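Owing to the predicted nature of the structure, the values given are computational and were not obtained by experimental measurement. So that the names make sense, note that chain A is the first sequence line, chain B the second, and so on, each numbered from 1.
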Amino acid sequence: MHRRYFLSLSAISCLLTALSGCSKTGGDSIVIGEFASLTGKEATFGISSHEGTLLAVETLNAAGGVLGKKLELLTEDNQSKAGETSNVVNKLISKDGAVAILGEVASSRSLEAAPICQQNGIPMVSPASTNPKVTETGDHIFRVCFIDPFQGTVMANFVTKSLNAKKVAVFTDVKSDYSKGLAKFFKEGILKVGGQIVAELDFNGGDKDFKAQLTAIKSAAPDAVFIPGYYTDVALIAIQAKQLGLNVPLCGGDGWESQTLLDIGKDAVEGHYFSTHYASDAASPAVATFVEAYKKRFNGKMPDAMAALGYDSAMFLADGIKRAGSADSKAIRDALAATKDFEAVTGKIAINAQRDAVKSAVILQVKDGKFKYLETVAP
Amino acid sequence: MLSTFHSQSPTALAGAKRWLIVGIVLAVVVSMFSAQINRYYLGIIVDIGINIILAVSLNLINGHTGQFSLGHAGFMAVGGYTAAKISLVVSPMLPPALQPLLFLFALLAGGSLAALAGLGVGVPSLRLRGDYLAIVTLGFGEIIRVVVQNMEAVGAASGLKGIPKYTTLGWTFGLAAITIYVVTALVNSTYGRGFIAVSDDEVAASSMGINPVRYKVTAFVTGAFFAGIAGGLYAHHKQFLSPTGFDFLKSIDIVVMVILGGMGRTAGVVVAAILLTLLPEVLRQFSEYRMIIYSLLIIVLMMARPQGLFTWNRKQKGAA
Amino acid sequence: MDWLLQQLINGLALGSIYALIALGYTMVYGVLRFINFAHADVLMLGAYSAYFIAPAIHEVMPLPSLTGTLIIVLLSAMICAGIGILIEILAYRPLRQRPRLTVLITAIGVSLFIEFTCQHKAVFGADTKPFPQLMPVHDFNLGGLVIGSNDLVVVVTTLILLFGLWFIVQRTKMGTAMRAVSFNQQAAALMGININRIISFTFGLGSALAAVAGILYALKAPGIDPLMGVQPGLRAFIAAVLGGIGNLPGAALGGLLLGLLETFAGGISGLSNYRDGIAFAILILILLFKPAGLLGKATVEKV
């Protein structure tokens with residue numbers, strides 16, 4: 001008998017402990033919540049984007065903050081795990097009192113956070129989720145990156161026109177919604193301009209052996225291969241493609257952009273093409289300042305696209321708060337929705353009716369172990 | 001109460017019924033106040049309820065019946081996706097008043113399909129034991145994940161979004177109470193003695209006229225059914241499902257709850273489910289260290305109290 | 001035809017890696033009767049050891065070089081053997097008399113602990129690191145067929161280690177003691193066998209194998225991260241069970257079979273997206289008909 005009471009008591013006390021604790025109210029600071037994948041499978045991307053965001057907030061605070069108040073960035077890790085994000089975002093909003101939410105790179109986790117932000121009336125800015133569905137959730141969800149249909153079309157045009165490829169193979173990461181989305185719009189783009197898809201193969205992100213699929217691709221003899229994957233996988237794919245003698249141009253999207261692609265892929269990634277948000281060797285002073293500051297803050301590390309977008313998402317939000325003139329979530333939302341030409345590191349941003357960023361993409365080529373700027377494609 | 005199953009069955013059964021009533025009443029009362037509770041805590045409490053259902057149902061397979069399943073997340077996925085798809089398709093056609101009925105139907109459908117999957121896993125389990133069974137159930141869970149990942153009808157890799165938010169405290173804890181009741185009553189019935197007999201010694205059990213095959217399959221089917229229900233609750237709680245949420249680490253999480261609670265001890269498993277859901281949240285302040293601490297805790301607890309955290313008097317039984 | 005042969009080569013190369021990892025799993029299982037989940041993480045630690053040792057070796061003898069590689073592999077294997085022995089002493093030894101499930105959960109705990117600790121930025125960090133090219137590489141081109149020198153090295157190493165292990169287990173005094181411990185720990189102890197020493201030795205050997213496998217894996221796919229062991233570890237685990245866990249040639253056979261199956265599935269459009277599931281589906285089918293694995297002995301349960 002005693003045990004039963006003890007058990008029920010301990011259960012109830014656990015509930016009570018969970019319920020107690022009070023929410024923090026920002027006094028002299030504006031609380032901004034950020035959720036990111038700082039550990040787990042996709043930590044690389046989450047950390048990059050988080051570092052960009054952190055740099056932006058530090059820069060803003062060093063310059064006196066926003067509306068005379070310091071920005072307080074609260075970051076929570078979702079371990080790259082599904083199910084974890086909703087708890088984290090609920091905590092940031094309900095317990096910590098965040099007025100706006102930043103995050104995340106992976107569209108699937110942004111999609112988990114979006115309904116919570118929408119229901120709570122809190123604006124959310126995703127730095128790098130390119131899946132169109134993310135902002136469809138509601139009028140509080142924004143993003144500072146372009147979306148998959150645009151990027152897919154850009155690369156389809158580039159492959160058929162600039163590379164003069166008629167027969168194209170597509171190699172997709174089935175585990176990633178980003179990859180599948182981009183592949184879908186790329187294929188539509190190719191078919192529209194009269195190209196031909198000769199092989200469609202899939203891999204699982206995190207695989208280390210791609211030879212089976214690459215052998216099949218090689219036997220289809222394509223003029224170019226489109227690989228909408230992340231750089232960690234792409235570098236290995238490029239190495240194994242080279243080993244198998246698949247010597248055609250490989251192309252991809254913004255997931256390619258990272259120094260790591262060059263470090264791992266070395267000469268195997270040489271000469272290949274991808275589209276992305278910005279060129280770190282561009283002549284724009286904003287880019288140069290950002291790259292300089294980032295390198296200084298993070299021990300000489302080169303910022304990748306995720307870092308630049310993380311930085312932009314925070315700057316974009318701060319700009320919205322400034323124009324709103326208050327730290328009220330509703331006012332911030334309205335200000336963000338009215339953004340016309342915000343000068344971001346990754347290019348000029350206008351927010352359209354779907355709350356997506358309308359901005360240009362750039363195409364880069366790997367040349368002499370560096371990313372070389374080729375062209376800018378306007379929206 | 002639950003630790004003395006073997007000697008006082010009628011009392012224990014009465015106890016289980018009382019718990020059922022207490023649980024359901026508590027669930028209804030608490031859900032009346034849920035609007036006042038901070039959403040973050042509300043979310044975690046619902047998580048706790050879902051984890052209780054998962055852990056108690058897995059306990060029937062791994063604890064009471066002595067099998068070793070590493071595929072519970074797979075059953076959860078089957079139930080979750082089925083229920084979510086049903087309510088996504090049907091809910092726009094129904095008036096608000098009928099929505100709870102739809103939810104019930106969706107949950108039951110999800111549970112039933114998961115039970116069917118449980119039958120599919122239960123049958124091979126007749127020929128396999130120990131590590132072989134573990135790997136087959138793990139494989140089964142992975143196969144489900146891969147299939148879901150490729151099914152465009154449920155969103156494939158990008159996940160299923162916009163699931164209506166039906167799950168409330170009342171639903172969750174009402175169903176948790178029912179799960180506990182069914183599992184307890186099942187194990188404590190005359191019929192249910194067979195589960196423990198199979199777990200204690202399969203050969204001896206079958207020589208006493210108990211058919212281990214039937215018990216194992218019953219355990220798998222019942223356990224899978226409730227895992228499916230938990231999946232349905234989860235889907236309508238998070239409002240978003242993606243295949244990566246049902247990988248084998250999720251199964252491991254549930255297994256750890258069962259083992260910490262004490263194999264075959266329902267009350268202990270319930271408390272373990274509560275503690276293990278709260279632990280990561282409490283450790284959130286130490287964000288970068290929390291998973292390190294979590295894993296260390298598993299190791300230390302296994303050394304200090306391998307029979308489970310909440311076992312006091314019953315003589316320790318070999319669990320494997 | 002070329003296509004088929006090339007896939008055969010790809011499959012054998014992939015399968016050899018799985019086989020190599022599976023050997024470690026199966027050996028520890030053979031002696032201790034439990035699945036050492038942390039094996040996959042020791043594999044990762046092996047790759048990281050090589051990553052950190054390589055620059056030092058490069059000072060003395062410029063890489064890529066075969067001798068340099070051999071030294072790096074030996075050093076890493078020694079480090080990992082030490083780590084393996086330490087894990088056993090700290091985490092598994094106190095649990096030796098406990099139910100096997102307890103040990104299994106502890107092993108999962110150890111595995112998670114290593115993974116999360118290594119992901120911390122003060123340790124390795126979660127990002128992918130480029131693995132240096134240790135050995136000179138050459139791709140042999142045989143009329144349209146490509147065979148990488150790395151793949152050959154993997155196949156040869158797996159064969160050598162398989163025979164080496166078989167020799168140790170079957171033909172040495174240590175191996176006899178290992179088998180005795182595997183049969184019956186108490187009886188072995190009564191015969192004057194130092195159980196602790198034998199188990200430490202088994203763990204050391206298994207972890208050294210993991211280190212070798214980790215380095216070869218990293219050479220094949222030169223990007224390493226703290227979770228790199230998880231996926232091949234799971235596959236190797238399947239391979240070990242497929243072949244009959246505890247059985248050395250079985251592990252090799254299971255690994256090769258799995259590698260070939262995955263490769264052929266991966267090379268077919270519309271099937272490559274199910275690649276992860278296919279390995280498991282076939283495993284389940286095989287286990288249904290041969291419940292103890294391909295080469296495992298069916299045991300009759302004693303009353």
Contact leader toward chain A among Gln239(B), His237(B), Lys165(B), where contacts are heavy-atom pairs under 4.5 Å: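 The option with the most such pairs is Gln239(B).
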Approximate separation, where rounding is to 0.5 Å, of [X] [atom1] and [Y] [atom2]:
{"X": "Lys180(A)", "Y": "Gln149(B)", "atom1": "NZ", "atom2": "CD", "answer": "7.0 Å"}
{"X": "Leu241(B)", "Y": "Glu112(A)", "atom1": "CG", "atom2": "CD", "answer": "9.0 Å"}
{"X": "Ile93(A)", "Y": "Asn38(B)", "atom1": "CD1", "atom2": "CG", "answer": "11.0 Å"}

Could you look at [X] and say if it's the side chain, the backbone, both or neither that has a heavy atom under 4.5 Å from chain B?
{"X": "Leu38(A)", "answer": "neither"}
{"X": "Thr137(A)", "answer": "both"}
{"X": "Asn204(A)", "answer": "side chain"}
{"X": "Ser176(A)", "answer": "backbone"}

Closest non-hydrogen atom pair, Gly159(B) against Lys133(A):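 Closest approach of Gly159(B) to Lys133(A), heavy atoms only: O-NZ, 3.8 Å.
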Minimum-distance pair of heavy atoms, taken over all atoms of Gly245(B) and Ala82(A):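 Closest approach of Gly245(B) to Ala82(A): CA-CB, 3.4 Å.
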Note, Ser108(A) side chain near Phe240(B) side chain (heavy atom, < 4.5 Å):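 Touching, per the 4.5 Å side-chain cut-off.
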Non-hydrogen side-chain atoms of Ile44(B) and Lys91(A) separated by less than 4.5 Å: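 The answer is no; the side chains never approach within 4.5 Å.
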For chain B, the option from Asn120(A), Asn131(A), Asp202(A), Thr39(A) that forms the most heavy-atom pairs under 4.5 Å: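 The option with the most such pairs is Asn120(A).
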Max heavy-atom pair count under 4.5 Å with chain B, selected residue of Lys81(A), Gln79(A), Arg109(A), Glu136(A):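 Greatest number of close heavy-atom pairs with chain B: Gln79(A).
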Per-residue contact mode, Tyr40(B) against chain A (heavy atom under 4.5 angstrom):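 Interface part for Tyr40(B): both.
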Chain A contact via Phe246(B) - side chain, backbone, both or neither, heavy atoms under 4.5 Å: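 Looking at Phe246(B), nothing touches chain A.
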Pair Lys238(B), Asn87(A): side-chain N/O donor-acceptor within cut-off below 3.5 Å: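 Yes, because at least one side-chain N or O of Lys238(B) sits under 3.5 Å from a partner of the opposite role on Asn87(A).
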